[in-house]
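The structure appears right after this line, and notes come after that.
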Amino acid sequence: MKFKSFIKIYYPAVLILIALLSFTLYAWLEASADYKARTNKLFEQRAFRVGEIIGNRMVDYSQILRGCQALFDSSKEISVGEWETYVRGLKVAENYPGIQGLAVSRYVAASDSSKVSKELRGLNLRYKITSPFEYPVIVPVLYIEPFNKRNERAIGFDLYSEARRRDAIKRAITTREPSITRKIKLRQETHADVQPGFLMFLPIFSDTSHTRVAGFVANVFRTHDLMGALLNRYSEVDLQLYDGTTLSEKHLIYEKTINSSSYNRLKGPLVFDTTLVVAGLPWRLIVSPNENFGSTIERQQPFLILAVGVILSVLLFVVSYNNIRRKGRIGVELQKTLALEKKKDEFISIASHELKTPLTSIKASIQLLERADLKERDKFMLAKAGNNVDKLQALIGDLLDISKIQAGQLQLNKEDFKLSALIRDCIESVGHIYSSHKIEILNIIPDLIYHGDKFRLEQALNNLFINAIKYSPGSEKVFVDMGLSQGIIKIKIIDEGIGISEQNIKKIFDRFFRAEELSPVISGLGIGLHISNEIIKRHGGSITVTSELNQGSIFTIIL
Ligand code: ADP
């Protein structure tokens, strides 16, 4: 089938498909946009919170240093034991996870290094100052807590000797504020689990007016430990943290990426890029959602809508396509049946007309013969022949009527007449043909004048009387009852015959319908009731039936 003719026949199904698919597409786009908007908002909140946590926590760490600074303000000399007690009191591991250690360093002229060396010797003979002594000052680490193998490696190290540490120290001296280094490799690092680190310095003074810097207290951080502890609840975002504002591996101090380890991956549509100022240095924070972000169900919702929508659209298309196909087939069948019906009607009409003429001439011949002087036996035979010709003429008349009804050409010639007289005439004429039964009048309204087609009404009544007789072979009587109430005339023809089954009662007015079980026993064509019903309908009335099998039937003409 060509596309054009396909569309012509199946356009309702195609329209349904297009409409449903469009609706599905719309719903999918809406759901996707909605999901995107919600995700964006949620992500923004999360990313902002990450920045907030880091910023706040770094402020907390500065506060620790201020506490340490106050300790040195209150007592000029703090021994290693006192420092240990103080730091233990802070419960760093529990309250400030991520701090590798809290260190104290001296700030002295390089020429005074022997003084610090003495101090170090006092602690343990093993420690000595490690410095190239290239600068006029040295900042050697004196104490560090908690005291462990890793931290011990820092004691005696001249913080001033390394550029990044030196920068932060200088800044701390200038600003008198907490100051962090850029990314460094801590002295504490061994070969295993090497992490970027940084230090946060705050000066301590030898006088209470904070003019002479005596040294520094410092927080020591290993960034993976620190950020891991801070952000362990934020597994659904990836993040990169850079010291400074340049995005380069050199400045990357912390990275958490689920999918890939490169910061180049940060090209997705959802990226939160912000700069925090942490203890005097800018830190650039980049957050992006990873594959754990958002609930799986929510993420799949738009796709589910799309899938279900497409499946439903296709299903409904198939259903309506099949429906149209089936109807098309039924339509073709119906047309075939109608064509056959038409041929049959034409045949009946032609055959009846052809039969009518010779039959009229037979009837005329019989009538002529009846006038002749015949023997009794011949007269009897002739009467019988005349009777059968009458029956044949009635039958042909019925067939012609059927054709007329079909063509909508059943004409009525109306006049006023007494209905009671018509009923009596019918009883008489039927009585001539069927002598087996007596038609008894139960009620009759003698002077009721009716305006209608007398001949056609007689035809309908005769048919009902004949049926009542035909279909009550076991009884001898048929009754007629006439009534008038509120301008409605009811004529009932009652028999005590074989009755009609419930199933058949609906079809008895159909053309050519006969109860199958009767066909071989009682003759008939199944057209009488159809014609009678049509005649009564044309008079604005109706025929109703009540019947019980083997009890009898009541046909009521309502006019
Ligand atoms: P016909 O009598 O020639 O078969 P009708 O159109 O007059 O055709 O009747 C149609 C069918 O209705 C009959 O074949 C018969 O089965 C049923 N029928 C009609 N009148 C009666 C009746 N009084 N009692 C029982 N069955 C009847």
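Everything numeric here is computed off the predicted structure, so don't read it as measured data. Just follow the structure's listing: the first ligand is 1, and inside any ligand the first atom is 1.
Between the choices Leu549, Ile469, Leu529, Leu464, the shortest heavy-atom distance to atom 5 (P) of ligand 1 belongs to Leu529. Atom 14 (O) of ligand 1 has its nearest heavy-atom neighbour, among Phe509, Phe555, Phe512, Tyr471, in Tyr471.
Residue-ligand proximity, Ser553 to ligand 1, at heavy-atom distances under 4.0 Å covers atoms 24 (N). Listed by atom number, the atoms of ligand 1 under 4.0 Å from Leu525 heavy atoms are 3 (O). Which parts of ligand 1 touch Ile500 is read off a 4.0 Å heavy-atom cut-off, strictly below it: atoms 25 (C), 26 (N), 27 (C). Here is the list of ligand 1 atoms found below 4.0 Å of a heavy atom in Phe513: 10 (C), 11 (C). Of all atoms in ligand 1, numbered sequentially from 1 with element shown, those under 4.0 Å from a heavy atom of Ile527 are 6 (O), 8 (O). Numbered from 1 in the order shown, with element, the atoms of ligand 1 that lie under 4.0 Å from a heavy atom of Lys470 read 1 (P), 2 (O), 3 (O). Using a 4.0 Å cut-off to heavy atoms of Ala515, the atoms of ligand 1 that qualify are 14 (O), 16 (O).
Contact analysis leaves Gly497 out of contact with ligand 1, as no non-hydrogen atom separation drops below 4.0 angstrom.
For the atom pair CD1 of Ile536 and CD1 of Ile543, the computed distance is 5.0 Å after rounding to the nearest 0.5 Å.
Between the Asp453 side chain and the Arg456 main chain, a donor and an acceptor come within less than 3.5 Å of each other.
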